[in-house]
Amino acid sequence: QVQLVESGGGLVQAGGSLRLSCAASGSMFGINVMRWYRQAPGKQREWVAAITSGGITNYADSVKGRFTISRDNTKSTVYLQMNTLKPEDTAVYYCRVSVVGIDYWGQGTQVTVSS
């Protein structure tokens, strides 16, 4: 069973920064694409960022230039550095990986950005 545990969320003022971490279990880390999603109250879950095993990254337009996804395969951890945070970034942030056609999600970590 693949397990993902997010951490690093919290309350921050607009313009501030947070760094989220997603610690992964299982031998899949280092091979699979890792992704970050977020879900705000009353909204559907949306994709935020992705990183391949080789370090190729992609971002949603809403966070491009402000967020940076990275991974440390030796620590089996994927990160999301969030800079210049906006109130609209407020959401529960989840990491996700697909293994053999099965999606695995972490429990989520709350990010709240105040005006």
Side-chain angles (χ1 to χ4, degrees):
Q1 187 81 41
V2 174
Q3 292 183 309
L4 304 172
V5 180
E6 302 96 335
S7 62
L11 175 63
V12 65
Q13 293 181 334
S17 299
L18 285 173
R19 190 191 195 198
L20 306 184
S21 299
C22 175
S25 67
S27 60
M28 58 82 194
F29 201 91
I31 300 173
N32 301 85
V33 175
M34 301 296 296
R35 298 174 172 88
W36 283 99
Y37 288 75
R38 66 187 183 186
Q39 187 166 24
K43 300 181 67 176
Q44 292 186 325
R45 188 170 298 185
E46 64 175 339
W47 169 77
V48 174
I51 184 167
T52 70
S53 61
I56 305 300
T57 60
N58 199 13
Y59 301 91
D61 288 342
S62 59
V63 306
K64 191 171 296 183
R66 300 186 299 118
F67 290 12
T68 303
I69 187 172
S70 62
R71 66 194 296 164
D72 185 342
N73 292 340
T74 65
K75 298 180 179 180
S76 298
T77 301
V78 62
Y79 304 95
L80 186 67
Q81 178 67 48
M82 306 184 295
N83 298 327
T84 320
L85 282 162
K86 305 175 180 179
E88 49 263 48
D89 295 320
T90 295
V92 178
Y93 284 72
Y94 302 88
C95 59
R96 169 195 169 232
V97 64
S98 294
V99 182
V100 198
I102 300 175
D103 291 340
Y104 295 89
W105 297 85
Q107 84 290 344
T109 185
Q110 176 71 50
V111 172
T112 303
V113 184
S114 62
S115 301

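Just so you know, residue 1 is the first one in the sequence shown, and it goes up from there.
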Thr57 side-chain N/O to Ile51 backbone N/O, donor-acceptor pair under 3.5 Å: no
Closest approach of Val111 to Leu20 (non-hydrogen atoms, all atoms of both residues): CG2-CD2, 4.0 Å
More than 12 heavy atoms from other groups under 6.0 Å of CD on Glu88: yes
Path from Val33 to Val97 over hydrophobic side-chain contacts below 4.5 Å: no
Gln107 (side chain) donor-acceptor with Glu6 (main chain) under 3.5 angstrom: yes
Exercise: identify the closest heavy-atom pair between Gly106 and Tyr94: O-CD2, 3.5 Å
Whether Arg71 side chain and Thr52 backbone form a donor-acceptor pair below 3.5 Å: yes
Gln3 backbone acceptor or donor facing Ser25 side chain under 3.5 Å: yes
Parallel, tilted or perpendicular: rings of Phe67 and Tyr93 (30°, 60°): tilted
Side chain proximity check, Val63 to Arg38, heavy atoms < 4.5 angstrom: yes
pair Gln110-Thr90: side-chain heavy atoms closer than 4.5 Å: yes
Minimum heavy-atom distance between Ala14 and Ser115, given as atom pair plus value: CB-CA, 4.5 Å
Pairwise distance CG(Asp103) to CZ(Arg35) - rounded to 0.5 angstrom: 8.0 Å
Shortest non-hydrogen contact from Ser98 toward Asn32: O-ND2, 3.0 Å
Side-chain touch Trp36/Val78, heavy atoms, less than 4.5 angstrom: yes
Carboxylate-amine/guanidinium proximity below 4.0 Å for Asp89 and Lys86: no
Check: Tyr79 side chain, Thr68 main-chain N or O, donor-acceptor pair, under 3.5 Å: no
Nearest heavy atoms of Thr77 and Ser21, plus distance in Å: CG2-CB, 4.2 Å
Closest approach of Leu4 to Cys22 (non-hydrogen atoms, all atoms of both residues): CB-SG, 3.9 Å
Rounded distance (nearest 0.5 Å) linking atom OH of Tyr37 with atom CG of Leu80: 13.5 Å
Working for side chain to side chain contact (heavy atoms under 4.5 Å, CB included), residues Trp105 and Arg45: CA-CA 12 Å; Trp105 297 85; Arg45 188 170 298 185; 3.2 Å; yes
Distance (rounded to the nearest 0.5 Å) between Met34 CE and Ser70 OG: 11.5 Å
Side-chain heavy-atom pair Asn83, Ser17 within 4.5 angstrom cut-off: yes
